[in-house]
Amino acid sequence: MTCRTIAVANQKGGTAKTATALSLGAALARRGRRVLLVDADPQGDLTKSLGWRDPDSLQTTLATHLAAAIEGSDDDPAAGTLRHREGVDLMPSNIELAAMEMAVFMAMSRERMMGAWLAPIKPGYDYVIVDCAPTLGIIPINALAAADSVLIPVSAEYLPASGMTGLLKTVNRVRRQINPGLSVEGILVTLYDSRNNLAREVERAVRGQYGKAYRVFETVVPRAVSAAESAAAGESVFAYDPDGKVAASFARLAEEVERRG
């Protein structure tokens with residue numbers, strides 16, 4: 001199969017974006033797919049969630065490769081890739097990525113630096129999943145420019161209309177001006193508590209407002225303590241709580257993503 005690059009993005013924080021990137025990647029690996037996770041957030045939350053507690057001590061990270069892409073001389077684009085015991089690879093991130101933002105912004109073809117780094121290593125994978133920072137800055141724009149699709153997690157804890165509109169406008173602008181092949185993979189309702197009236201209202205609003213123009217995944221990811229605990233343990237929910245509701249929901253999400261193919 002041809003490698004598919006999926007950016008997991010929402011400029012609003014607190015939407016379980018990192019948990020979604022990690023758990024979808026682990027679920028796809030469990031289905032026999034070769035998966036590269038890319039931590040594109042200077043906070044390094046994805047890197048920490050996979051067990052590398054001190055990202056700032058890592059010598060080679062995404063920032064290293066973006067710097068090389070700007071210079072046009074990345075001798076080993078796979079350098080620094082970390083192998084997790086659950087069968088996914090990780091390109092980590094740390095605070096150096098924040099320092100790279102201005103350099104990327106000033107570069108020629110500034111939106112294409114991440115794509116230039118990824119191009120030679122994509123043939124080794126079935127899926128590349130990029131965990132974007134909760135902003136609409138130049139690094140997330142790079143992720144959208146390099147991606148085939150964008151998956152948008154939306155928390156069931158507040159009505160998301162205003163933030164979603166801004167993100168979808170950005171996606172459409174990237175499609176028009178930089179990456180005509182970019183599509184919306186789907187909108188994923190996360191942190192869902194079926195006992196909560198607001199959660200049900202948010203899900204209805206998302207499906208009603210966006211369901212005609214975009215795919216809203218059938219899968220809904222429930223709120224559960226195990227998701228936070230698994231990140232603290234440096235592993236996915238599949239290793240930490242394999243029989244839990246969150247693991248089951250991400251297994252279903254992986255099936256939906258693969259069905260789209």
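Here the structure is a predicted model, which is why all the values come from computation and not from measurement.
Residue Arg34 is tested with Asp126, Leu28, Val88 for a side-chain contact (heavy atoms from CB on, under 4.5 Å); the sole match is Asp126. Among Arg33, Arg252, Arg30, the single residue meeting the salt bridge (Lys or Arg N to Asp or Glu O under 4.0 Å) criterion with Glu258 is Arg33.
Of all non-hydrogen atoms in Ala143 and Val130, the two that sit nearest each other are CB-CG1, 3.9 Å. For the residue pair Ser230 and Val237, the shortest heavy atom distance occurs at OG-CG1, 3.6 Å. Nearest heavy atoms, Gly80 versus Met91: C-CE, 4.2 Å. Closest of all the heavy-atom pairs between Tyr240 and Ser226 is CD2-O, 3.9 Å. Taking each heavy atom of Val257 and Arg4 in turn, the nearest pair found is O-NH1, 3.1 Å. Taking both residues in full, the closest heavy atoms of Arg85 and Glu235 are given as NH2-OE1, 3.3 Å, listed atom of the first, atom of the second, then distance.
At distances below 3.5 Å, at least one donor-acceptor pair connects side-chain atoms of Asp56 with backbone N or O atoms of Ile95. A donor-acceptor distance shorter than 3.5 angstrom exists from the side chain of His84 to the backbone of Gly234, with no hydrogens or angles considered. Looking at Asn142, its side chain does come within 3.5 Å of a backbone N or O of Met113 through a donor-acceptor pair. Checked by atom type and distance alone, the side chain of His65 never pairs as donor or acceptor with a backbone atom of Thr60 at under 3.5 Å. Under a 3.5 Å cut-off, the side chain of Arg200 and the backbone N or O of Ser194 do form a donor-acceptor pair. Formation of a donor-acceptor pair under 3.5 Å by the Glu256 side chain with backbone atoms of Glu218 is found in this model. At distances below 3.5 Å, at least one donor-acceptor pair connects side-chain atoms of Asn10 with backbone N or O atoms of Pro153.
The closest side-chain heavy-atom distance from Leu198 to Glu201 is below 4.5 Å. Ile139 has its side chain within reach of Met114: a pair of non-hydrogen atoms, C-beta onward, lies under 4.5 Å apart. Proximity of Ser93 to Asp41: side-chain heavy atoms (C-beta onward) are nowhere separated by under 4.5 Å. Side-chain contact between Pro42 and Glu101 is present, with at least one heavy-atom pair separated by less than 4.5 Å. Put simply, the side chain of Leu151 reaches to within 4.5 Å of the side chain of Leu24, judged on heavy atoms. Counting heavy atoms from C-beta outward, Thr20 and Thr190 have side chains that approach closer than 4.5 Å. Contact of the Leu168 side chain with the Ile152 side chain is registered, since non-hydrogen atoms from C-beta on lie closer than 4.5 Å. In this structure, Ile178 and Ile141 have side chains that are in contact, with non-hydrogen atoms separated by less than 4.5 Å.
Residues Phe105 and Leu66 share a hydrophobic cluster, clusters being chains of Ile/Leu/Val/Met/Phe/Trp/Tyr side chains in contact below 4.5 Å. By the rule that hydrophobic residues join a cluster once side-chain heavy atoms approach within less than 4.5 Å of another member, Tyr210 and Val174 end up as members of one cluster. Under the 4.5 Å side-chain heavy-atom criterion for Ile, Leu, Val, Met, Phe, Trp and Tyr, Ile187 and Val220 are members of the same hydrophobic cluster. Val128 and Leu253 are not part of a single hydrophobic cluster, where members link through side-chain heavy atoms under 4.5 Å apart. The hydrophobic cluster containing Leu50 does not contain Leu36, counting ILVMFWY residues as joined when their side-chain heavy atoms lie under 4.5 angstrom apart, directly or transitively.
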Exercise for review: List the steps, then state whether side chain to side chain contact (heavy atoms under 4.5 Å, CB included) holds for Arg83 with Asp89.
Suggested key: CA-CA 5 Å; Arg83 182 74 172 168; Asp89 286 352; 2.8 Å; yes

Practice item. Assess whether side chain to side chain contact (heavy atoms under 4.5 Å, CB included) is satisfied between Leu144 and Asn179, documenting all intermediate values. Key: CA-CA 8 Å; Leu144 296 177; Asn179 179 5; over 6 Å; no

Point to revise | side chain to side chain contact (heavy atoms under 4.5 Å, CB included) between Met100 and Ile70, worked out | key: CA-CA 10 Å; Met100 280 303 303; Ile70 292 170; 3.6 Å; yes

Exercise for review: Report the C-alpha distance between Lys48 and Asp45 in whole Å, list the side-chain angles of each, state the deciding distance to 0.1 Å, and finish with yes or no for side chain to side chain contact (heavy atoms under 4.5 Å, CB included).
Suggested key: CA-CA 5 Å; Lys48 294 172 193 167; Asp45 286 344; 4.1 Å; yes

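Heavy atoms from other residues, nucleotides or ligands lying under 6.0 Å from CZ of Arg112 number 12 at most. The environment of Gln177 atom CD is dense: over 12 non-hydrogen atoms of other residues, nucleotides or ligands sit within 6.0 angstrom. Environment of NZ in Lys122: crowded, with over 12 heavy atoms of neighbouring residues, nucleotides or ligands closer than 6.0 Å.
Summarising the geometry, atom CG belonging to Leu191 is positioned 7.5 Å from atom OG1 belonging to Thr15; distances are rounded to the nearest 0.5 Å. The CG atom of Asp243 lies 7.0 Å from the CG atom of Asp241; values are rounded to the nearest 0.5 Å. Taking CG of Leu188 as the start and CZ of Phe250 as the end, the distance is 6.0 Å to the nearest 0.5 Å. Remark: Leu58 CG to Trp52 CH2 distance equals 9.0 Å, nearest 0.5 Å. Once rounded to the nearest 0.5 Å, the distance linking OG1 of Thr165 with CD of Gln209 reads 6.0 Å. Atom CD1 of Ile6 is separated from atom OH of Tyr127 by 6.0 Å, given to the nearest 0.5 angstrom.
For Arg215, the side-chain hydrogen bond (donor to acceptor under 3.5 Å, both in side chains) partners at least two apart in sequence or on another chain are Glu185.
Of the N and O atoms on the side chains of Asp131 and Thr18, at least one donor lies less than 3.5 Å from an acceptor on the other residue. Using a 3.5 Å distance cut-off with no hydrogens or angles, the side chains of Thr47 and Asp39 do pair a donor with an acceptor.
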